[in-house]
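Numbers restart at 1 for each chain; the letters A, B, ... are given by sequence-line order, proteins then strands.
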2 protein chains.
Amino acid sequence: MGYNMDWITQVAERLRATGGRMTTQRRLILETLAQCTDHPTAEEIYQRARQRAPDLNLSTVYRTLRWLEDLGVVGTQRFEGERPQERFDPAVSAQPEHHHFRCRLCNTIIEFPAPLLEVLKQDFITHYGGTIESASLIFYGLCESCLQKVETYGPLSFNPNAITGPHERPSHSTGRAS
Amino acid sequence: MGYNMDWITQVAERLRATGGRMTTQRRLILETLAQCTDHPTAEEIYQRARQRAPDLNLSTVYRTLRWLEDLGVVGTQRFEGERPQERFDPAVSAQPEHHHFRCRLCNTIIEFPAPLLEVLKQDFITHYGGTIESASLIFYGLCESCLQKVETYGPLSFNPNAITGPHERPSHSTGRAS
DNA sequence: TTATATGCAAACCATTTGCAGATCT
DNA sequence: AGATCTGCAAATGGTTTGCATATAA
């Protein structure tokens, strides 16, 4: 390996500086995060990391992620239209203020900068006073590629990465159905 | 009563138009929602409504809220820094595109319009293509009133409406603490 | 009369936590 | 050695669901 080694080293330093210890599991989770190009759930991180250390435990993953969150190394967000679990974003450390677009069909997430948001914040403060410390902006829609497909093939159900299961609320049945 | 009767009647019509029935419980929940000036959780709606009908059940509240959500009558959002439960927003029907500011201290939520967001959407599409169907924008910070208090009395812990309990993650202990 | 809704209790799932044993320094 | 972690299992809390009964149309 050697990918992003600087990043891991930096995190390890911050860790030690706050009285923490670098363990095998933490290094593994960090390496797993460093390889992410997406926004995985805790479970996904767990599955990926576990391939290299089968006795890794999910609660260790959670604890490590919370610790990284406190350190400002990962961000978290929840997206609509899927199970209400958290997704973790290893990109915050590199680009503190970025926002998210999520494709309704293929679930791809695009990160984008939004410098214009500052104007919106200022607008808000002008009207309502107070201060703004952070902002979350999420766009939902169709990514370019899915848009093309829909335009070509029509709006059929095309959802390769759909996460299925409870909490999806397909039709919240209210009792005996017809 | 008589407050917002139009609104309830309108919802009832939409309901019947889709093969649903207007029941005592649904009317009660609608009336409770009509009186909301905040963004209550399902549990809060349940507690308020239950004062008039003690045998109302929480699952009925959930089912009714989901149905209203599908009808576009209530919106839902989750805010950071509190238990990860949904909050319901009866104001969507009146102002389809509004956004939220949440005060970190008193938890007040301010709804605001953001017409400038259209520019941001256009910006995004210019860079990445695709389409945007909806957007969620949340500002976190201090409302004017809390800002004043902090400026006057200093940044002590002032949190009258704080929701306390698990899921708050005060310090995610990783084992025996010092 | 009969499809639809309710209450209840149980299930579900994401996340957290207590504790005994393992590990870093 | 001694504080800090990990794995495990159990608890927690929000939300959903199956089913028998009640109710609106």
Nearest to the side chain of [X] - [options]?
X	options	answer
A:Q25	C:dT25, D:dG7, D:dC5	D:dG7
B:S59	C:dC8, C:dT25, C:dA5	C:dC8
B:R83	D:dA25, D:dG13, C:dA14	D:dG13
B:E86	D:dT15, C:dT16, C:dG7	D:dT15
B:R63	D:dC19, D:dG7, D:dT16	D:dC19

Atom pair distance, as rounded to whole Å: [atom1] in [X] and [atom2] in [N]:
X	N	atom1	atom2	answer
A:Y46	D:dT6	OH	C1'	13 Å
B:L28	C:dT6	CG	P	11 Å
A:N57	D:dA9	CG	C1'	10 Å
A:Y62	D:dG7	OH	P	15 Å
B:L58	D:dT17	CG	P	14 Å
A:R16	D:dA3	CZ	C1'	15 Å
A:L65	C:dT16	CG	P	10 Å
B:L30	C:dA5	CG	P	13 Å

| field | Pair listing, salt bridge (Lys or Arg N to Asp or Glu O under 4.0 Å) test, anchored in residues 8-20 of chain B, at least two apart | value |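 Non-adjacent pairs meeting salt bridge (Lys or Arg N to Asp or Glu O under 4.0 Å): zero.
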
| Apart from B:Y140 itself, which Ile, Leu, Val, Met, Phe, Trp or Tyr residues share its cluster (side-chain heavy atoms under 4.5 Å, direct or through members)? |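 In the cluster with B:Y140 are B:F79, B:I109, B:I138.
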
| task | Just jot down the side chain to side chain contact (heavy atoms under 4.5 Å, CB included) partners of A:E133, sequence neighbours excluded, or say none. | result |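 Residues passing side chain to side chain contact (heavy atoms under 4.5 Å, CB included) with A:E133: B:R104, B:L142.
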
| request: Output all residues satisfying side chain to side chain contact (heavy atoms under 4.5 Å, CB included) with B:Y46, sequence neighbours left out; order by chain, then residue number. | output: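 For B:Y46, the residues satisfying side chain to side chain contact (heavy atoms under 4.5 Å, CB included) (neighbours in sequence not counted) are B:E43, B:R50, B:L56, B:L58, B:V61.
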
| When all nucleic acid strands are considered with a 4.0 Å heavy-atom cut-off, which category describes B:R27: base, sugar-phosphate, or nothing? |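 Answer is nothing: B:R27 stays at 4.0 Å or more from every strand.
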
| said: Any donor-acceptor pair under 3.5 Å linking the side-chain atoms of A:Q148 with those of A:E144? | reply: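 Present: a donor and an acceptor within the cut-off.
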
| Inter-end axis angle, the helix from C:dT1-D:dA25 to C:dT25-D:dA1, with every axis fitted to five base pairs (rounded, 10 degrees) |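 The helix from C:dT1-D:dA25 to C:dT25-D:dA1 shows an end-to-end axis angle of 30°.
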
| query | Got a sec, which residues hit ring-ring contact (aromatic ring centres under 6.0 Å, His included) with B:H127, two or more places apart in sequence or on another chain? | reply |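 Result, ring-ring contact (aromatic ring centres under 6.0 Å, His included) vs B:H127: none returned.
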
| message | Quick check: on DNA chain D, is the nucleotide nearest B:E43 upstream (toward 5') of the one nearest B:T24, or the reverse? Name the residue that is more 5'. | response |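 In this pair, the answer is B:E43.
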
| How do A:D55 and B:T23 order along DNA chain D: which one's closest nucleotide is nearer the 5' end? |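 Final value for this comparison: A:D55.
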
| Roughly how far, to the nearest 0.5 Å, is the CZ atom of A:R52 from the OG1 atom of A:T24? |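 Taking OG1 in A:T24 and CZ in A:R52, the distance rounds to 11.5 Å.
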
| message | Would the distance check show the side chain of B:E31 and the main-chain N or O of B:L28 forming a donor-acceptor pair, the cut-off being under 3.5 Å? | response |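 Not at all, since once roles are kept as given, no pair shorter than 3.5 Å links the two residues.
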
| Under 3.5 Å donor-acceptor pair, B:R78 side-chain atoms to D:dG14 base atoms |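 Counting by modelled atom types and ignoring angles, no donor-acceptor contact under 3.5 Å is found here.
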
| In terms of the nearest nucleotide of DNA chain C, which residue is placed more toward the 5' end: B:R21 or B:T64? |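 Mapping each residue to its closest nucleotide by heavy atoms, the 5'-most match is B:R21.
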
